[in-house]
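Below is one structure, written out as structure tokens; comments come after it.
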Amino acid sequence: LFVYGNHIISRVIYGNRGYRVVLLECGKVIGLIENVLRTAGLVSDSTYVFYDDSINEFLDFNDREYSVHAVVVVGGDIGDR
């Protein structure tokens, strides 16, 4: 799963520091995703270290408008660990 933010809307609402709101909201979303997956009995791992330019290009995102901030990898059942 790719977690991304909309920087244009955030900049319009919050000004030049709107990127901070985007990052905070992405963090909340990642926490919710991890909780839902754990409740469903699925293994997941989140990372913020990846080649964002490659993923943004794959998703046809312009990093000035939208940008991927995290990747959540979903694996098998928790019992498979």
Side-chain angles (χ1 to χ4, degrees):
L1 304 171
F2 300 114
V3 180
Y4 70 94
N6 184 325
H7 296 273
I8 296 295
I9 289 176
S10 186
R11 192 174 304 125
V12 167
I13 296 171
Y14 300 104
N16 288 335
R17 300 288 186 239
Y19 72 94
R20 292 178 180 175
V21 175
V22 170
L23 297 176
L24 286 169
E25 292 298 323
C26 284
K28 290 180 190 177
V29 169
I30 292 163
L32 291 171
I33 290 170
E34 289 174 343
N35 285 335
V36 168
L37 293 172
R38 188 178 313 108
T39 301
L42 297 172
V43 177
S44 68
D45 191 19
S46 301
T47 185
Y48 312 99
V49 181
F50 55 90
Y51 293 105
D52 55 339
D53 290 340
S54 299
I55 294 176
N56 286 336
E57 183 179 332
F58 173 75
L59 296 172
D60 198 27
F61 284 174
N62 170 340
D63 65 350
R64 291 195 175 277
E65 295 177 46
Y66 300 99
S67 185
V68 174
H69 294 289
V71 177
V72 180
V73 181
V74 182
D77 292 331
I78 289 177
D80 294 342
R81 273 191 159 173

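One-based numbering along the sequence shown. Side chains included, hydrogens not; waters and symmetry mates left out as well; all remaining heavy atoms used.
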(request) Determine the minimum heavy-atom distance between S10 and G18, stating which atoms define it. (result)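 Closest approach of S10 to G18, heavy atoms only: OG-O, 2.6 Å.
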
(request) Would you name the heavy atoms of S44 and V72 that are closest together and state the gap between them? (result) CB-CG1, 4.2 Å

(request) Under 4.5 Å between side-chain heavy atoms, chaining through other members, with only Ile, Leu, Val, Met, Phe, Trp and Tyr counted: pull out the rest of the cluster around L59, sorted by chain and number. (result)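 L59 shares its hydrophobic cluster with F2, Y4, F50, I55, F58, F61, Y66, V68, V71, V73.
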
(request) Only pairs at least two apart or in different chains count here, so list each salt bridge (Lys or Arg N to Asp or Glu O under 4.0 Å) that has a residue in residues 41-55. (result)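 Matches after skipping sequence neighbours: none remain.
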
N/O donor-acceptor pairs under 3.5 Å from side chains in residues 19-37, not counting sequence neighbours:
{"residue": "E25", "atom": "OE2", "partner": "K28", "partner atom": "NZ", "Å": "3.2"}
{"residue": "E34", "atom": "OE2", "partner": "S46", "partner atom": "OG", "Å": "2.4"}
{"residue": "N35", "atom": "OD1", "partner": "R38", "partner atom": "NH1", "Å": "2.7"}
{"residue": "N35", "atom": "ND2", "partner": "G31", "partner atom": "O", "Å": "3.3"}

(message) Does any part of the side chain of E65, heavy atoms only, come nearer than 4.5 Å to the side chain of I8, both counted from C-beta?
(response)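 Yes. Closest side-chain heavy atoms under 4.5 Å.
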
